[in-house]
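Structure, as structure tokens:
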Amino acid sequence: MGPEIITLTVSEFLSAYGYYGLFIGSFLSALFIPMGADILFVGMLAAGINPWVCLLTATTGNWLGGLVIYYIGRSGNKEKIKRWFHIKEERLERQKVKINKYGSLLALIVWIPVIGDVANVALGFYHTKPPVTLFLMFFGRMFRFLLWIILYFIYANRFVNFINKF
């Protein structure tokens with residue numbers, strides 16, 4: 001039983017709980033847990049669930065999970081951060097250069113897998129301004145799910161027609 005099966009099973013379980021499942025799945029996916037919030041989100045759209053409530057639910061859950069990571073980074077314990085997140089000190093130092101250059105604007109990319117996770121920890125670790133960082137983090141995560149809504153509405157019919165041919 002591989003990790004894909006576990007992720008699929010958990011996603012099916014969470015989708016059975018509607019908005020609560022979407023919230024929990026989105027929250028967990030922000031915590032370095034491969035939950036597939038994007039798949040869960042698109043699945044909710046495909047089920048005909050209100051896209052705007054899904055947007056708010058997924059964004060809030062994912063943002064709150066990101067806050068946990070941000071504040072773990074903000075705790076400043078370099079050894080725990082390196083051990084928990086498997087981040088090498090050289091990587092943190094490279095992030096410091098970027099954070100000194102871009103500051104809280106890096107919060108807009110925290111939704112991108114791997115890069116965003118490290119940036120999220122680093123934003124907390126290097127004590128960027130919380131109000132600005134947290135607002136931009138919310139906006140960036142919302143953009144991610146809004147992009148899925150747009151793609152779903154543009155390509156959903158094409159995908160369904162393609163599947164129906166088989």
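Looking at every heavy atom in both residues, N62 comes nearest to S29 through ND2-OG, 3.1 Å. Nearest heavy atom pair, residue T133 against residue S104, reads OG1-OG, 2.7 Å. Closest approach of L123 and I99 over heavy atoms only: N-CD1, 3.6 Å. Closest of all the heavy-atom pairs between I69 and A30 is CG1-O, 3.5 Å. Between P51 and F153, the shortest heavy-atom distance links the atoms CG-CZ, 3.9 Å. Among all heavy-atom pairs drawn from V110 and M137, the shortest one is CG2-CG, 3.4 Å.
To the nearest 0.5 Å, atom CD1 of residue I109 and atom NZ of residue K98 are 7.5 Å apart. Taking CD1 from I112 and CZ from R141, the interatomic distance works out to 11.0 Å, rounded to the nearest 0.5 Å. The distance from atom CG of L147 to atom OH of Y152, rounded to the nearest 0.5 Å, is 15.0 Å. I72 contributes atom CD1, which lies 7.5 Å from atom CG of L31 (distance to the nearest 0.5 angstrom).
In terms of the side-chain contact (heavy atoms from CB on, under 4.5 Å) criterion, residue partners of F125 (sequence neighbours excluded) are, by chain and number, K78, I81. With sequence neighbours left out, the side-chain contact (heavy atoms from CB on, under 4.5 Å) criterion links Y19 to M44, I49, N50, V53, C54, T57. Looking at residues two or more places apart in sequence or on another chain, you find a side-chain contact (heavy atoms from CB on, under 4.5 Å) between I150 and L146, I154. With sequence neighbours left out, F143 forms a side-chain contact (heavy atoms from CB on, under 4.5 Å) with W111. By the salt bridge (Lys or Arg N to Asp or Glu O under 4.0 Å) test, R144 is found to be paired with D38, residues two or more places apart in sequence or in another chain being considered.
Heavy atoms from other residues, nucleotides or ligands lying under 6.0 Å from CD1 of I115 number 12 at most.
Residue pairs meeting the ring-ring contact (aromatic ring centres under 6.0 Å, His included) criterion with at least one partner in residues 41-76, sequence neighbours excluded, are F41-F145, W63-F138.
Side-chain atoms of F23 and L64, non-hydrogen and from C-beta on, do get closer than 4.5 Å to each other. Residues K96 and N100 meet the side-chain proximity criterion, which asks for heavy atoms closer than 4.5 Å.
Tracing side-chain contacts under 4.5 Å through hydrophobic residues (I, L, V, M, F, W, Y), one never reaches I24 starting from L56; they form parts of separate clusters.
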